[in-house]
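Heads up: the structure comes next, in structure tokens.
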Amino acid sequence: MLDLLDQHSTFTTEHLTDLAFGSLGRARNRLNLLHQREILDRFRHYRRPGSQSWRWTLGPVGAALVAAGRGEAMPRPAAVRDATARLAMSPRLEHLLATNGFFVALTAHARTASGARLARWWNEAACREATANVVRPDGHGVWTVGGRAVPFWLEMDLGTETLSRVATKLTGYAALGPRRAYPVAFWLPTAAREANLHAHLSRVGVPDGVSVATGADDYAAAHGGPAGAVWRLPGHAGRLTLADLPVSGGAVWDG
């Protein structure tokens, strides 16, 4: 859990329940204990009515444990708390939580589905480094089911950009070359926005060498989440599971 928080910055209580505990009550008890010992830190914003779920990060002791495990210099407690404060006020926070939630959903599915596994999960920084900043996906994963591996780039859409802006992101993926020509998986908030994106792509086209799949959060909520039969391909009817997305070549780049 500490390694995941170090790599992906923050998770909600519900995320960590799915990742590590299985029971919300057990998760709350353990997380509160880790917070008391400064292994974890947490924040949330005021919301009315009700209360927002805690967002968890590494605390000073947790950050020190991660650094010690890597043979790195111990971070100053004040620096760790400052990083948490900056994250709490970041305009990218909700986007980050949505991206992490996507991969958490796959991990949770794999815990109960025989033969399924999220074999790789990279954050945005790791993606930029691996692709020399040619593209800036929100994440990268390799989903395996029954021995078949499906690598993909994730583009998380919260509906805040124009569809033309969303579509222009595909230009960079065309420059990656065949070795990294994984499906670009757009995850959109609603099936209506997803349909509008497909209509836009039908007009402007998809760059040669790029494959695209789309899923909608509201549709997926009732159809098995991102691992389920929720993915649409431009120009094709019906929906596929993530494990059934077509992958050119078949080899998974080793990074």
Side-chain angles (χ1 to χ4, degrees), residues 1-45 47 51-112 117-130 136-143 152-154 156 158 187 225-227 255:
M1 185 172 65
L2 296 184
D3 285 338
L4 284 172
L5 281 167
D6 180 57
Q7 294 168 35
H8 304 291
S9 301
T10 185
F11 295 104
T12 66
T13 302
E14 291 74 18
H15 289 162
L16 291 175
T17 299
D18 287 340
L19 283 171
F21 298 102
S23 161
L24 184 58
R26 182 183 175 200
R28 284 173 173 163
N29 290 337
R30 184 62 59 84
L31 293 173
N32 287 337
L33 178 61
L34 294 173
H35 178 249
Q36 292 168 13
R37 296 180 178 179
E38 297 193 329
I39 295 173
L40 300 183
D41 202 350
R42 66 186 184 185
F43 63 89
R44 63 183 177 187
H45 298 297
R47 187 178 67 182
S51 59
Q52 188 181 62
S53 175
W54 287 111
R55 281 81 169 108
W56 297 89
T57 66
L58 288 177
V61 175
L65 289 171
V66 170
R70 295 176 179 173
E72 299 172 352
M74 298 293 182
R76 293 183 299 105
V80 176
R81 294 192 175 96
D82 285 348
T84 295
R86 288 194 299 271
L87 178 62
M89 300 308 296
S90 170
R92 295 274 298 169
L93 176 61
E94 292 309 311
H95 191 274
L96 174 62
L97 287 169
T99 299
N100 287 350
F102 177 92
F103 287 101
V104 167
L106 290 178
T107 303
H109 179 87
R111 292 180 69 183
T112 59
R117 184 168 70 97
L118 183 60
R120 182 188 290 168
W121 174 4
W122 286 354
N123 62 22
E124 181 182 343
C127 293
R128 291 201 310 268
E129 181 180 357
R136 299 184 64 177
D138 296 307
H140 163 61
V142 177
W143 181 243
F152 62 90
W153 304 110
L154 178 68
M156 177 61 63
L158 298 184
W187 194 250

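Everything numeric here is computed off the predicted structure, so don't read it as measured data.
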Non-hydrogen atoms of [X] and [Y] that approach each other most closely:
X    : Y    : answer
S23  : T17  : C-CG2, 3.6 Å
T57  : S9   : CG2-O, 3.6 Å
M74  : A64  : SD-O, 3.4 Å
V142 : F152 : N-CE2, 4.3 Å
A73  : A67  : O-CB, 3.6 Å
A88  : H45  : O-NE2, 2.8 Å

*For residues 61-75, which residue pairs qualify under salt bridge (Lys or Arg N to Asp or Glu O under 4.0 Å), counting only residues two or more places apart or in two chains?*
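Matches after skipping sequence neighbours: D6-R70.
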Indicate every side-chain donor-acceptor pair of residues 92-102 with a distance under 3.5 Å to a residue at least two apart or in another chain.
{"from": "R92", "atom 1": "NH2", "to": "E124", "atom 2": "OE1", "distance (Å)": "3.2"}
{"from": "H95", "atom 1": "NE2", "to": "M156", "atom 2": "O", "distance (Å)": "3.0"}
{"from": "T99", "atom 1": "OG1", "to": "H95", "atom 2": "O", "distance (Å)": "3.0"}
{"from": "N100", "atom 1": "ND2", "to": "H8", "atom 2": "O", "distance (Å)": "3.0"}
{"from": "N100", "atom 1": "ND2", "to": "T10", "atom 2": "O", "distance (Å)": "2.9"}

*Inter-residue atom distance T107.OG1 - W121.CH2, 0.5 Å rounding*: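 Nearest 0.5 Å value for the OG1-CH2 distance: 5.5 Å.
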*Could you grab the distance from atom CZ of F11 to atom CG of D18, nearest 0.5 Å is fine?*
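It is 11.0 Å, given to the nearest 0.5 Å.
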Looking at [X], I'd like to know if its [atom1] atom is crowded, meaning that more than 12 non-hydrogen atoms belonging to other residues, nucleotides or ligands lie closer than 6.0 Å.
X    : atom1 : result
R111 : CZ    : yes
R37  : CZ    : no
R30  : CZ    : no
E129 : CD    : no

*Say whether, by atom type as modelled, one donor and one acceptor occur between the side chain of R120 and the main chain of L118 under 3.5 angstrom.*
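Flag not set: sc R120 to bb L118 has no pair under 3.5 Å.
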*Any donor-acceptor pair under 3.5 Å linking the side chain of S90 with the backbone of R86?*
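Answer holds: no.
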*With side-chain contact (heavy atoms from CB on, under 4.5 Å) as the test, would you mind laying out the steps for L31 and W54 before giving the verdict?*
CA-CA 10 Å; L31 293 173; W54 287 111; over 6 Å; no
_side-chain contact (heavy atoms from CB on, under 4.5 Å) between M1 and L19, worked out_ = CA-CA 8 Å; M1 185 172 65; L19 283 171; over 6 Å; no
*Say whether S53 and T12, considering side chains only, have a donor N or O and an acceptor N or O under 3.5 Å apart.*
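Judged by distance alone, the side chains do not pair up.
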*With under 30° as parallel and over 60° as perpendicular, where do the rings of W153 and H140 fit, or are they tilted in between?*
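Geometry flag for H140 against W153: tilted rings.
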